[in-house]
Amino acid sequence: MSSMSVSYCGDEMPIEQALDECFTELIQFQNHLHCHVRELCMMAEQDNDYITGLKKVLTIHDTIDQTSDLFKELKSVCSQVLGKPKKEEKDQAKKIIDDHKVARKKLKDAEKLVADSTNDTN
């Protein structure tokens, strides 16, 4: 593993370094999110105005977006580690990917139905 390098956030680096940086940043973003959301929850008790709360919510949204970007980088790193399928595996790999997409869509559709039916009863 130590001889493998990947592209992470636009830089080529050893896989260990990329993973360490990614997970360190993810943990930092989670900690920041946790603190920001707690601060937002305390604002009602502190009698802060709407604008102060709005600024906090926008900070939270930015942090969520940054976290999402890191997860995309992690997906890319995983794909780089896996590499490309051999010629004789391409059809099987495509089928597995397509089946996975269909299964995920079915799951999301089922979750949406449950959410919609729950909202209809409220």
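The shown structure was predicted, so the numbers you read here are calculated from the model rather than taken from an experiment.
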* Asked: Side chains of L19 and V6: closer than 4.5 Å at any heavy-atom pair?
  -> no
* To do: Give a yes or no on whether V37 and I64 share a hydrophobic cluster (residues Ile, Leu, Val, Met, Phe, Trp, Tyr; joining criterion: side-chain heavy atoms under 4.5 Å apart).
  => yes
* Check whether any side-chain heavy atom of P14 sits under 4.5 Å from a side-chain heavy atom of M4, and report yes or no. => no
* **V81 reachable from L70 in the ILVMFWY side-chain graph, under 4.5 Å edges** => yes
* Give, for atom CG of L40 and atom CD1 of I60, the distance between the pair rounded to the nearest 0.5 Å. => 4.5 Å
* Strictly by modelled atom types, are S5 and E12 linked by a side-chain donor-acceptor pair under 3.5 Å? -> yes
* How long is the span from the CD atom in E39 to the OG1 atom in T52, to the nearest 0.5 Å? -> 12.0 Å
* Are F23 and I15 co-members of a hydrophobic cluster defined by side-chain heavy atoms under 4.5 Å apart? -> yes
* CD1-NZ distance between I51 and K56, expressed to the nearest 0.5 angstrom -> 15.0 Å
* **Neighbour count >12 (heavy atoms, 6.0 Å) for atom CD, Q92** => no
* Is there a side-chain contact between E21 and M13 (heavy atoms, below 4.5 Å)? -> yes
* Is Q30 atom CD crowded by more than 12 heavy atoms from other residues, nucleotides or ligands, each under 6.0 Å away? -> no
* Asked: SG/C9 to NZ/K72 distance, rounded to the nearest 0.5 angstrom?
  -> 12.5 Å
* Spacing of L33 atom CG and H61 atom NE2 [to the nearest 0.5 Å] -> 10.5 Å
* Structure fact -> In short, T63 meets H32 closest at the heavy-atom pair CG2-CB, 4.4 Å
* Asked: Looking at Y8 and C22, what are the two nearest heavy atoms and their distance?
  -> OH-CA, 3.1 Å
* **Interatomic spacing from NZ in K55 to CG in D49 - rounded to 0.5 Å** => 8.0 Å
* **Test side-chain hydrogen bond (donor to acceptor under 3.5 Å, both in side chains) applied to T59 and D62, step by step** => CA-CA 5 Å; T59 298; D62 289 344; 5.6 Å; no
* To do: Let me see the working for I27 and T24 under side chain to side chain contact (heavy atoms under 4.5 Å, CB included), right down to the final yes or no.
  => CA-CA 5 Å; I27 291 166; T24 297; 6.0 Å; no
Result block: side-chain N/O donor-acceptor pairs under 3.5 angstrom for residues 105-112, not counting sequence neighbours:
{"from": "K105", "atom 1": "NZ", "to": "D109", "atom 2": "OD2", "distance (Å)": "3.1"}
{"from": "K112", "atom 1": "NZ", "to": "D116", "atom 2": "OD2", "distance (Å)": "3.0"}

* To do: Start with the C-alpha gap between D98 and K94, add the side-chain angles, then the distance that decides, and say whether salt bridge (charged side-chain N to carboxylate O under 4.0 Å, His left out) holds.
  => CA-CA 6 Å; D98 291 345; K94 182 178 179 343; 2.8 Å; yes
* Would you say H36 has more than 12 foreign heavy atoms packed within less than 6.0 Å of its NE2? -> yes
